[in-house]
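Worksheet for the structure shown next.
Heavy-atom basis, side chains included; hydrogens, waters and symmetry copies ignored. Reminder, nothing fancy here: chain letters follow the sequence lines and each chain counts from 1.
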Protein chains: 2
Amino acid sequence: MGKRKQSSSNMQNEKFITECDLAYAVCKIGGRWKLLILGKLEGGKLRYSELRSQIGEVTERMLTLQLRELEKEGLVKRTVYAEVPPRVDYELTDIARELIPAWRILEAWGAKHRLLAQHESEIKEPETSLQ
Amino acid sequence: MGKRKQSSSNMQNEKFITECDLAYAVCKIGGRWKLLILGKLEGGKLRYSELRSQIGEVTERMLTLQLRELEKEGLVKRTVYAEVPPRVDYELTDIARELIPAWRILEAWGAKHRLLAQHESEIKEPETSLQ
DNA sequence: CCCATTACTTACATTTTTGTGCGTACCGCA
DNA sequence: TGCGGTACGCACAAAAATGTAAGTAATGGG
């Protein structure tokens, strides 16, 4: 999340991979906390502190980093009010909203297959099988 | 990609985050080479060596790791033939195919916004502006 | 016996991402 | 003058992902 080495193989490969439109898109939403943030913002504008408390586990540093990236990528809009104490709020851009249909599908898929996966693991691993 | 520390904050956070169905789903396809692999397999079965040569930049190690994960996640099916030299092929599972509609949307989004992003950067950075 | 082929392993190095803890500016209020 | 609240920034550390270079097994063919 800090600057990256432009010349590393890693970076070159990323460029190569994101020539695929699909990989490019997933890349934009692939950060650890990004989807959670975007999800919270679907309901409307939120301030930094609201996001922080709604997400709970996220640290301020991570929240800031992810918001900055989302902003750069054009998925969220950041608005700063010249007040003290400071007030900043974040909202989805139209570009982000275009992704919502895809989110819905992925969400449904996730819900379905997570349940299946849990079920399977229950079958495979009977709780502390004696003998 | 090696084993992960079950107790790390990182791991705990991942568990927390993937309680969100959407994040869970994206997590499954989020590896570096996964989407490229899945994309190639959309056209049908391919053997290991075919994938390797079609993707080009990927190393054998990475290809193997990503395929193993996709297999664990139930997105690809691996078939080994008892021959020498060995022959192994990979194909999408039904679970993976359920994701295709979402891929199409993301792909279209990626194509559209990548072009826009390129266009913007051309405006902002006139090619080696003299004076 | 030596070689080529395929689909991997393994050990190791590098790069990137994520997390921790603490510090900052601003101003109004007590 | 000291304190509290907001939205960060920074240095550092840990963990995870990715990349590099080499090696392996099995076996049919020369």
CD1 of A:I55 to CG of B:N13, rounded to nearest 0.5 Å, is 11.0 Å

Within less than 4.0 Å of OP1 or OP2 of D:dC8, is there a side-chain N or O belonging to A:R68? yes

Whole angstrom value for the distance that separates P of D:dT18 from CD of A:E14: 10 Å

Phosphate-side-chain proximity, A:Q66 and C:dT17, N/O vs OP1/OP2 below 4.0 Å: no

Measure from the side-chain N and O atoms of A:R114 to the backbone N and O of B:C20, and report whether any donor-acceptor pair falls under 3.5 Å. no

Over how many whole Å does the gap from B:R52 atom CZ to D:dG19 atom P extend? 16 Å

Can you find a side chain N or O atom of A:S8 that sits less than 4.0 Å from OP1 or OP2 on C:dT16? yes

By nearest-nucleotide position on DNA chain C, the 5'-leaning member of A:S9 and B:L67 is B:L67

Answer yes or no: does a side-chain N or O of A:R87 lie under 4.0 Å from OP1 or OP2 of C:dC26? no

Once you round it to whole Å, what is the distance between C1' of D:dT18 and NZ of A:K15? 17 Å

Could you check B:V88 against A:V84 and say which one's nearest nucleotide on DNA chain C is further toward the 5' end? B:V88

Look at all strands and tell whether B:Y90 reaches a base, only sugar-phosphate, or nothing, counting heavy atoms closer than 4.0 Å. sugar-phosphate

Which nucleotide in the set C:dT16, C:dT9, C:dT20 lies at the smallest distance from any side-chain heavy atom of B:T64? C:dT9

Between the main-chain N or O of B:N10 and the side-chain N or O of A:R32, is there a donor-acceptor pair closer than 3.5 Å? yes

For B:R47, which contact category applies under a 4.0 Å heavy-atom criterion: base, sugar-phosphate, or nothing? sugar-phosphate

Could you tell me the separation between the OG1 atom of A:T59 and the CG atom of A:L65, rounded to the nearest 0.5 Å? 8.0 Å

For D:dA17, does OP1 or OP2 lie under 4.0 Å from any side-chain N or O of B:R4? yes

Search all heavy atoms of A:K28 against all heavy atoms of A:L75 and return the closest pair with its distance. O-CD1, 4.0 Å

In whole angstroms, how far is the P atom of C:dT17 from the CD atom of B:Q12? 22 Å

Take atom CZ of B:R32 and atom C1' of C:dT16, then tell me their distance rounded to the nearest Å. 9 Å

Between atom CG in B:N13 and atom C1' in D:dA15, what is the gap in whole Å? 12 Å

Figure out the CZ/P separation between B:R61 and D:dA21, and round it to whole Å. 14 Å

Rounded to whole Å, CD of B:E60 lies from P of D:dT18 at a distance of 18 Å

So which one's nearest nucleotide on DNA chain D is more toward 5', B:N10 or A:S49? A:S49

